[in-house]
Amino acid sequence: MSKTILGILASGRGSNMQAICNSIDAGLLHAKVGLVISDKANAKVLEHAAAKGIPAICIERKDFPSKQEFEAAIAQQLTLYHVDLVVLAGFMRILSAYFVNLFSGSIMNIHPSLLPAFPGLDAHEQAIAYGAKVSGCTIHFVDEGMDTGPIIMQQAVSILADDTVETLSERILAVEHKLYPQAIRLYCEQRLCIEGRNVKII
Ligand code: GAR
């Protein structure tokens with residue numbers, strides 16, 4: 001079977017991108033990162049990708065008159081690199097229905113809470129402020145809503161009495177790094193079947 005080509009979109013430090021690359025290097029994931037795109041010129045993820053010899057491109061919203069033209073530029077690069085699966089790894093923008101429809105059923109996102117609890121920005125802070133005893137992370141297919149698409153995998157992480165945003169995010173991140181490569185692997189093995197809101201693992 002040919003390798004699934006991943007296109008990673010990320011806005012920041014890129015630790016999930018690195019975890020995915022490590023899984024590929026360890027032979028656990030039959031995939032190739034075709035390119036990494038960031039919407040932030042100074043994002044660490046671009047440095048990490050370039051260091052690994054992965055094409056790393058910055059596409060900034062401010063360089064386009066409209067959101068659709070910005071997204072079309074991203075889509076053009078993904079298509080140019082023959083991307084099969086778009087992997088959002090800390091990409092801090094909501095993609096429009098236009099983009100989602102271009103890659104329908106082939107965009108994944110990771111979010112640091114147990115959705116539908118605490119969507120959007122500052123998920124760790126939201127969970128601590130709410131007084132929740134459990135949070136975690138969710139990997140889901142992307143639809144046109146914010147963190148609303150069909151859920152692929154989730155794992156819980158306890159919130160401790162003295163947790164800060166930093167300590168909680170560190171423990172959740174360790175789980176993210178294990179879970180995201182697993183979810184991508186299921187996609188590569190064609191074992192994810194979307195039935196409405198339900199993702200069946202076959
Ligand atoms: C991760 O914790 C990811 O779950 C979160 O951004 C971080 C990116 O870290 N994503 C979101 O909050 C999306 N709403 P990384 O750049 O080190 O992979």
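These numbers come from the heavy atoms of this one structure, side chains and all, not from hydrogens, waters or symmetry mates. First listed ligand is number 1; within each ligand, the first listed atom is number 1. Everything quoted here is computed from the prediction, not taken from an experiment.
Taking every heavy atom of both residues into account, Lys67 and Ile94 meet most closely at NZ-O, 2.6 Å. In terms of heavy atoms, Ser106 sits closest to Tyr187 at OG-OH, 3.1 Å. The minimum heavy-atom distance linking Leu115 with Thr138 is given by the pair N-OG1, 3.0 Å.
Inter-residue side-chain proximity for Ile37 and Ile8 is flagged as unmet; no heavy-atom pair is nearer than 4.5 Å.
In the hydrophobic clustering of this structure, Leu9 groups with Ile107; members are Ile, Leu, Val, Met, Phe, Trp, Tyr whose side-chain heavy atoms approach within less than 4.5 Å, directly or through other members.
Residues of the protein with a heavy atom under 4.0 Å from ligand 1 are Arg13, Gly14, Ser15, Asn16, Gly90, Met92, Ile110, His111, Pro112, Leu173, Glu176, listed by chain and number.
The residues Lys52 and Asp25 are annotated as salt-bridged, a charged nitrogen and a carboxylate oxygen being separated by less than 4.0 angstrom.
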